[in-house]
Amino acid sequence: MKRTHNCGDLRIGNAGDKVTIMGWIQRRRDLGGLIFVDVRDRSGLVQVVFNPDEVTTDLFTKAEKIRSEYVVAIEGTVQKRLQSNPNLATGEIEITVDSLRILDEAKTPPIYIQDDLNVNEDLRLKYRYLDLRRPIMQKNLILRHQVTMLVRQYLDRQGFLEIETPMLTRSTPEGARDYLVASRVNPGKFFALPQSPQLFKQILMAAGMEKYFQIVRCFRDEDLRADRQPEFTQIDIEMSFVTQEDVLQMMEEMIIEVFKGVGLNVEYPFPRMTYADAMRDYGSDKPDIRFGMKLVDVSEQVKNVGFKVFASTVQKGGQVKGIRAEGCAEFSRKEIDQLTQYVSIYGAKGLAWIALKEDEIKSPIAKFFTEEELGAIIDALEGKSGDLLLFVADSPKVVAASLGALRLNLGKQLGLVKEQEYKFLWVTEFPLVEYDEEMGRFVSLHHPFTHPLEEDINLLDTDPGEVRAQAYDLVLNGVELGGGSIRIHNSELQKKVFQMLSLTEEEINDKFGFLLEAFQYGTPPHGGIAYGLDRMIMLMAGGDTIRDVIAFPKTASATDLMTNAPSPVASDQLEELHVKVVERA
RNA sequence: GGAGUCGUAGUGUAGCGGUUAACAUGUCGGCCUGUCACGCCGAAGAUCGCGGGUUCGAUUCCCGUCGACUCCGCCA
């Protein structure tokens, strides 16, 4: 028996055709004297009918034994149905059976194979092979395949080479925690799984490959989120002899082509926003620009008011910002309490509010302001009757985090974000470094090879925190889709940046010596970008978690419920690796 | 590391200080020749996550623990 057709491809035009299909039993409808079964394969469903007037008794008896998820091969003839089913692509036809072969029987599955599945995710992960039989999951993985194909086609056309880099590599300082692999041959030494192929792709530029890409797994041993897995996939790209503008142009073209290629409508050219503007207006370096509700700084207006919380915050170098929730003046006390609760997660000590009701202004803080002062604040936020104004007074960091999050929360709650709308944004001019209180030194925002903006290079010695970088992120609907930079290719400048990061000569040589040495032999100016493929597919699929676009993802506690990884290993395995497990009290 | 939500037949839920632990669906059996989430009748199916405490009595209240999820920290 040889498969001739996919179930979901059969149409009325196939009527009369002799076909052989193979697939899983989706459902059996046994009417006693007549049996229907739906057969499913990757392409879809088709109805098969066992009619005793047309099939032998043996065959009919066999059909009675069929159960859900049995794997079958069916040879038969396509015929027009008596009544068609408009809900099914193949709904106009059915197959009458000449022969049935049960290729494999199946236990009753613990989860249903259907799209509108309401089941705990741990079961789905344990029985991932069943979960992946669901059409929606197959669709997600097909989409993923299509996207990687489109990316490869685009980059190939532009002259890029797909080059593999090592999975067993060396631990790098800063950045995320590494996954380590013990070396059997080299006692006491460890490989690290790559957090990204960053150094290798730059070396490939030094090596004259000019245009490199890779669709590559990366590993970071940090806590998980709905959009963060310990292993994830990057579309990693690097090119030589380019400026930031060259990179942005080409990458924008690629993204548009890929999104269009899978049938998604994209608005372009992508708008651009500096990091400073993004933080100022949205409290985020990855603003969701599908709606407004920008943060408004009222520090000027409140620096001398009688309301101590506001005035003293500003006087101590903090700031007061507000957002305008349109038409929310009638929020109940309970609703506002919930918002207060929400911003507290981000460190805000309180949430001040002014409700502009039709006939009155309601606010627990209004009494601390003169009418003029109150008017100035309301004007600053362009408050209108019916609005609710919400304020946080704190350090710029806390204000940005809490109000930025509150904005997103309200935007969602008020239905301001349209699903299936794709709004890209380039965020540019990131700071090169930021001061880390804990470490007592500056640390790279992107990575230590990021090139400063030319006009800011003179600030490297005097005011490192103010130096902007030739670094950029691509943001889609408030999600960081990718980021990159133009790299330093001059050893003098690189040394200077390392010094600014307070890295000692020894550390530099130990960690990056090979890169710096490579750069001494003639390195082209170069730069690139890396996209988070999982997030891209998640957004394309309209999902909430990258787990649904990864075939075998891990749980929030970084385990695999199907294989039960990680697991203990035999003591002789550890011994061979010169590793000893220490019980911690 | 921290905060929160959840955990009850295979699955999804309900429930309550004392119940025969309920409903739906699935499963199994019977009936059924045009169904398509087929229908009808019947049956089986529960260590109420685990451990401890309070109580005459705990699935229910409390504490701990384990697991799943969400978020903060973390993620150059």
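To find a chain, count down the sequence lines: A is the first, B the second, and so on, and within it residues start at 1.
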Exercise for the section: Taking side-chain contact (heavy atoms from CB on, under 4.5 Å) as the test, write out the residues that go with A:N85, two or more places apart. Expected result: A:R81, A:N87, A:L88

Completion exercise
When both distances are under 3.5 Å in a Watson-Crick or G-U wobble arrangement, the nucleotide paired with B:A9 is none

Handout entry: Which residues share a side-chain contact (heavy atoms from CB on, under 4.5 Å) with A:D510, sequence neighbours left out
Key = A:R170

Problem - Distance, P atom - from B:C63 to B:G26, rounded to whole angstrom - result: 40 Å

Handout entry: Rounded distance in Å between the C1' positions of B:U27 and B:G45
Key = 9 Å

Exercise for the section: Output the single nucleotide from B:C72, B:C69, B:G34 whose closest atom is nearest the side chain of A:R547. Expected result: B:C69

Handout entry: Position toward the 5' end of RNA chain B (nearest nucleotide), A:K397 or A:N87
Key = A:N87

Handout entry: Salt bridge A:E231-A:K554, side-chain N to carboxylate O under 4.0 Å
Key = yes

Exercise for the section: Considering just the side-chain nitrogens and oxygens of A:T555, establish if one lies under 4.0 Å of OP1 or OP2 belonging to B:A68. Expected result: yes

Practice task
Kindly write out the residues that satisfy side-chain contact (heavy atoms from CB on, under 4.5 Å) with A:S196, not counting sequence neighbours, or none if the list is empty.
Solution key: A:Q198, A:C218, A:R220, A:Q234

Handout entry: Residues which pass salt bridge (Lys or Arg N to Asp or Glu O under 4.0 Å) with A:D30, listed by chain and number, not counting sequence neighbours
Key = A:R28

Exercise for the section: Please work out if A:L88 contacts a base, only the sugar-phosphate, or nothing of the nucleic acid, heavy-atom cut-off 4.0 Å. Expected result: nothing

Practice task
Return the residues of residues 468-483 of chain A meeting this criterion: a heavy atom under 4.0 Å from some atom of RNA chain B. Order them by number, or give none.
Solution key: none

Handout entry: Separation of the C1' atoms in B:G53 and B:G12, to the nearest angstrom
Key = 32 Å

Handout entry: Sugar-phosphate, base or nothing in reach of A:S557, heavy atoms under 4.0 Å
Key = sugar-phosphate

Exercise for the section: Give A:Q114 one of three labels, base, sugar-phosphate or nothing, depending on what nucleic acid heavy atoms sit under 4.0 Å from its own. Expected result: nothing

Practice task
For the side chain of A:R177, starting at C-beta, report the closest nucleotide among B:C74, B:C28, B:C71.
Solution key: B:C74

Practice task
Could you grab the distance from atom CG of A:D456 to atom CG of A:D463, nearest 0.5 Å is fine?
Solution key: 9.5 Å

Exercise for the section: Could you check whether A:E94 gets within reach of a base, just the sugar-phosphate, or nothing at all, counting any heavy atom under 4.0 Å? Expected result: base

Handout entry: Residue pairs, two or more places apart or on separate chains, that pass salt bridge (charged side-chain N to carboxylate O under 4.0 Å, His left out) and touch residues 38-51 of chain A
Key = A:R3-A:D41, A:R29-A:D38, A:R40-A:E69

Exercise for the section: Tell me which nucleotide among B:C75, B:U35, B:G73 gets nearest to the side chain of A:R225. Expected result: B:G73

Exercise for the section: Give one of base, sugar-phosphate or nothing for A:R67, where a contact means two heavy atoms less than 4.0 Å apart. Expected result: sugar-phosphate

Problem - Residues that A:F512 engages under ring pair (Phe, Tyr, Trp, His ring centres under 6.0 Å), provided they are two or more places apart - result: A:F449, A:F498

Handout entry: Per-nucleotide protein contact string for nucleotides 2-12 of chain B (B base, S sugar-phosphate only, - none; heavy atom under 4.0 Å)
Key = --------BBS

Practice task
Name the closest nucleotide to the A:Q83 side chain, picking from B:G34, B:G29, B:U70.
Solution key: B:G34

Completion exercise
Expected list for residues 398-407 of chain A near RNA chain B, using heavy atoms below 4.0 Å, is none

Practice task
Give the B/S/- string for nucleotides 38-47 of chain B, one per nucleotide from 5' to 3', where a protein heavy atom under 4.0 Å of the base yields B, of only the sugar-phosphate yields S, and otherwise -.
Solution key: B---------

Side-chain donor-acceptor contacts of residues 474-486 of chain A below 3.5 Å, not counting sequence neighbours, with atom names and distances?
| residue | atom | partner | partner atom | Å |
| --- | --- | --- | --- | --- |
| A:N477 | OD1 | A:K423 | N | 2.9 |
| A:N477 | ND2 | A:E421 | O | 2.8 |
| A:S485 | OG | A:R487 | NH1 | 2.7 |

Problem - ring pair (Phe, Tyr, Trp, His ring centres under 6.0 Å) against A:Y435, all qualifying residues, sequence neighbours excluded - result: A:F442

Problem - Value in whole Å for how far the P atom of B:G34 lies from CG of A:D53 - result: 11 Å

Completion exercise
Closest to the side chain of A:E222, out of B:G29, B:C72, B:C75, is B:C75

Exercise for the section: Kindly say if A:T559 contacts the phosphate of B:A68, meaning a side-chain N or O under 4.0 Å from OP1 or OP2. Expected result: yes

Exercise for the section: Take A:D227 and A:S444, find for each the nucleotide of RNA chain B with the closest heavy atom, and name the residue whose nucleotide sits nearer the 5' end. Expected result: A:D227

